[in-house]
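Take a look at the structure below.
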Amino acid sequence: MSKDKILFTPGPLTTSLTVKRAMLRDLGSRDSEFIETVKSIRYRLLELGGVKPGDYEAVLMQGSGTFAVESVISSVIPPDGKLLVIVNGAYGRRIVQIAQTLKIDCLAVTFAEDSVPPLHVIETALTVEKQITHVAVIHCETTTGLINPIQAIGRLVHDYSKQYIVDAMSSFGAVPINLSDGAIDYLVSSANKCIEGVPGFAFALARREVLLGTAGYARSLSLDLLAQWRGLEANGQFRFTPPTHVLLAFQQALTELDEEGGVEGRAQRYRANYEALVKGMRAIGFEEYLKPELQGYIITSFRYPADPLFNFKDFYEGLNDKGFVIYPGKVSNADCFRIGTVGRITESDVRDLLDAIRITLDEMSIMLPGAVTRQRPVYSEF
Ligand SMILES: Cc1ncc(COP(=O)(O)O)c(C=O)c1O
């Protein structure tokens with residue numbers, strides 16, 4: 001079997017062999033061992049969020065991260081409710097799109113993708129729009145890698161007695177989050193991000209008291225958050241076919257997260273990956289899209305170099321041929337590409353990527369100060 005490429009993406013990510021191996025079993029979805037696995041996963045997710053069962057509940061949902069976001073948005077806002085979405089990137093816009101599709105009354109406050117939303121603007125929206133019942137924000141806006149100040153926003157949302165939804169898809173498991181301290185009512189993340197499982201399900205951690213108050217609000221049968229939780233509570237089973245192999249892999253991924261020292265340990269490795277990447281990229285001559293103080297250590301957007309010979313497709317393919325997968329940009333007002341520093345990768349993988357970048361630039365005849373450039377041929381007309 002040929003060696004897999006290393007994924008410098010925001011997910012699916014490179015996973016450990018042991019996580020992949022955990023899937024080499026067939027367990028029935030009503031098997032007591034499987035039911036125990038699901039129970040323990042739900043408990044361990046709450047632990048990761050710094051909260052206890054009874055105060056909060058973990059609801060697992062089949063599908064990708066968007067399915068769990070849509071499950072929360074479609075299930076917890078009353079028919080006469082209104083959602084305020086804080087937008088500074090594509091994933092914030094996706095929540096607006098979900099609300100619009102579901103015909104949920106929604107107000108978006110949109111900010112530049114390279115800026116942190118000022119609290120006073122959010123406060124004005126909360127003061128003026130009295131009908132707002134829920135506020136949603138993205139923690140790590142994977143569009144750029146920017147980390148939004150979820151704690152400060154949470155305090156504000158709490159002061160205005162609104163319910164608070166945080167999409168922590170690309171940060172949960174690697175950036176410390178305490179749901180209770182952050183006044184978070186619903187947090188959403190997925191299996192194949194920083195917990196380093198494989199794709200197939202996502203989850204919401206919900207404040208029990210508010211979740212119980214949502215009966216009758218669901219606008220979907222399969223994505224009904226409260227019904228899914230009731231199903232899991234009643235007999236430990238999913239209502240509809242669960243991704244059994246993915247859950248086995250996830251259980252192993254949680255064990256490996258513990259072995260690494262939990263969220264703090266994982267944060268340390270990811271931060272070291274990020275620092276090695278940024279140092280190396282700057283030395284080559286690349287520039288980050290965000291100011292360093294706004295940038296998290298999950299994923300970084302880099303601007304295309306000014307050299308007219310640069311094109312992303314050739315750059316991507318050059319790296320891909322060498323065994324490294326990077327990600328296209330998503331920023332709306334600048335040409336960028338993205339490099340993730342999460343998943344089962346280390347600083348040594350980052351150094352190998354940097355070498356591959358230098359060689360690829362050389363192959364493309366891109367002149368950057370730190371690239372190993374051959375002399376470009378000089379053509380003279382006589
Ligand atoms: C912040 C955020 N929200 C939502 C999603 C959507 O997740 P998925 O692509 O798994 O549906 C992503 C995916 O990267 C994300 O980063």
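One is the number of the first residue; the rest follow in order along the sequence. Counting starts at 1 for both ligands and their atoms, following the listed order.
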**Asked** Strictly by modelled atom types, are Gln228 and Glu233 linked by a side-chain donor-acceptor pair under 3.5 Å?
**Response** no
Atom 16 (O) of ligand 1 has as its nearest protein heavy atom Thr142 OG1, 2.5 Å
query = Think Arg338 forms a cation-pi with Tyr327, using NZ or CZ under 6.0 Å from the six-ring centre and within 45 degrees of its axis?
reply = no
In ligand 1, the atoms that come under 4.0 Å of a heavy atom of Cys140 are 1 (C)
Side-chain donor-acceptor pair present, Ser170, Lys193, cut-off under 3.5 Å
no
Any heavy atom of Thr66 under 4.0 Å from ligand 1? The part involved is both
Side chains of Asp114 and Thr144: closer than 4.5 Å at any heavy-atom pair?
-> no
re atom 10 (O) of ligand 1, the protein heavy-atom contact at minimum distance is Gly65 N, 2.9 Å
Report task. Report the C-alpha separation of Tyr304 and Phe315 in whole Å, then their side-chain angles, then the decisive distance to 0.1 Å, and conclude whether the ring pair (Phe, Tyr, Trp, His ring centres under 6.0 Å) test is met. Result -> CA-CA 10 Å; Tyr304 286 5; Phe315 184 58; 8.5 Å; no
*Please check if any side-chain donor atom of Glu264 sits under 3.5 Å from a side-chain acceptor atom of Gln268, or the reverse.*
no
Ligand 1 to Ile138, heavy atom cutoff 4.0 Å, flagged ligand atoms 1 (C)
contact_flag Asp167 ligand 1 heavy-atom lt 4.0 Å: yes
Between Arg282 and the options Glu288, Glu275, Glu287, the salt bridge (Lys or Arg N to Asp or Glu O under 4.0 Å) test singles out Glu288
Any non-hydrogen atom of Lys193 lying under 4.0 Å from ligand 1?
yes
Judged by non-hydrogen atoms, does Ala202 sit under 4.0 Å from ligand 1? no
Suppose we call two aromatic rings close when their centres sit under 6.0 Å apart. Are Phe337 and Tyr316 close by that rule? no
closest protein heavy atom to atom 12 (C) of ligand 1 is Tyr91 CE2, 3.3 Å
Is there any N or O on Ser64 that sits under 3.5 Å from an N or O of ligand 1? yes
- Query: Contact between Arg94 and ligand 1, counting heavy atoms under 4.0 Å?
  - Reply: yes
